[in-house]
*Asks:* 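This is the structure, below, for whatever I ask next.
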Amino acid sequence: MANPFRWCRMSHDCVLQINVVLVVVGLIFLLDVLSHLYLKVVMFPGLRLYPVALRPWLFWVRALTMVAYILNAVLGICMARHPSVLKFAGYMLIGCVVLLYTISIGVTRFMYRGRFEFFVEMLVLQMWVRNSLGKVEVEFECCGKTSVVDYQTASSNRTWPIGCCCGEQNCTGCTSKLSKYLWTIEMDVARDNIIVSVALFVAMIVMVLHFKDVQSLDDTGDLEESSELAVDDSDAKE
């Protein structure tokens, strides 16, 4: 009887290529994690409160998730060349854990926009109090927390940094501009993890189909070997 699922058979070359793609994708998004960490160190150093995408624990989670993602893809490459039950079980187990983390990170970026605005305000306030907002003002062409008025109050005994737009008309505050910019980072994190999740899910389906085919071929080979042995025994008895 013909196998009704013969159309979805996966060759070892297909599994190999998909996992090579996963390795490349993982390396690209690991570099994205490092670029966000570099941004935090250069632009917002030494603060106590950050939006979630710039918090140290999330950097660790994202980095370790990407490392596990890459190692799992390497295991998939080994599985394509020399399949075994142990490698398949390890691939699926690690894949499920990584899939859980990437989906969680990606989806939760959309769930706290209100709190995100609060964290951005606190970030700007911390930099204003520490008198370290100048680099942001020059880089983002903004002035003060809300506008140039922050420098004109009686309690503010400071001048704006050279190169910022505080002396120009329509120069907005840094809170609104940083909110837009840091929200794009949140969306970058969501995008990266959603792409990784989809790619890993597809790879896991391909791996299941490939392993099913390998097991079928092994079973067929065992049956053929048993038949040949039975025929040899019959010939020997005759």
*Asks:* Does R62 use its side chain to pair, donor to acceptor, with the backbone of V189 at less than 3.5 Å?
*Replies:*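 No: the side chain of R62 does not pair with the backbone of V189.
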*Asks:* Is the shortest side-chain heavy-atom distance between M122 and L47 below 4.5 Å?
*Replies:* no
*Asks:* Y151 and W128: aromatic ring centres closer than 6.0 Å?
*Replies:*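 Y151 vs W128: aromatic centres under 6.0 Å.
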*Asks:* Can any side-chain N or O of R109 pair as donor or acceptor with the backbone N or O of E186 at less than 3.5 Å?
*Replies:* no
*Asks:* Decide yes or no for F211 and M79: does some side-chain heavy atom of the first lie under 4.5 Å from some side-chain heavy atom of the second?
*Replies:*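 Sidechains of M79 and F211: in contact.
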*Asks:* Side-chain contact test, heavy atoms from C-beta onward, threshold under 4.5 Å: evaluate it for M204 versus Y91 and give yes or no.
*Replies:* yes
*Asks:* Under 2.5 Å between the SG atoms of C143 and C174: is that the case?
*Replies:*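 Disulfide absent: SG-SG distance not under 2.5 Å.
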*Asks:* Are C142 and C171 within a span of less than 2.5 Å, counting SG to SG?
*Replies:* no
*Asks:* Looking at F59, does the NZ or CZ of K40 lie under 6.0 angstrom from its six-membered ring centre and within 45 degrees of the ring axis?
*Replies:*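 No, K40 and F59 do not form such a contact.
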*Asks:* Supply the atom-to-atom distance Y112 OH to F118 CZ, rounded to the nearest 0.5 angstrom.
*Replies:*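 Here the interatomic distance stands at 12.5 Å.
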*Asks:* Has the side chain of D150 got a donor or acceptor atom that lies under 3.5 Å from a matching backbone atom of K145?
*Replies:*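 Checked: pair present.
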*Asks:* With ring centroids as reference points, do F44 and Y50 lie under 6.0 angstrom apart?
*Replies:*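 No.
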*Asks:* If only atom types and distance count, is the side chain of N19 paired as donor or acceptor with the main-chain N or O of V15 below 3.5 Å?
*Replies:*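 The answer is yes, because a donor-acceptor pair under 3.5 Å joins these two groups.
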*Asks:* Do Y69 and L99 have side chains that get closer than 4.5 Å, going by heavy atoms?
*Replies:*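 Heavy-atom side-chain distance check fails, nothing below 4.5 Å.
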*Asks:* Can you tell me if S179 uses its side chain to pair, donor with acceptor, with the backbone of S176 under 3.5 Å?
*Replies:* no
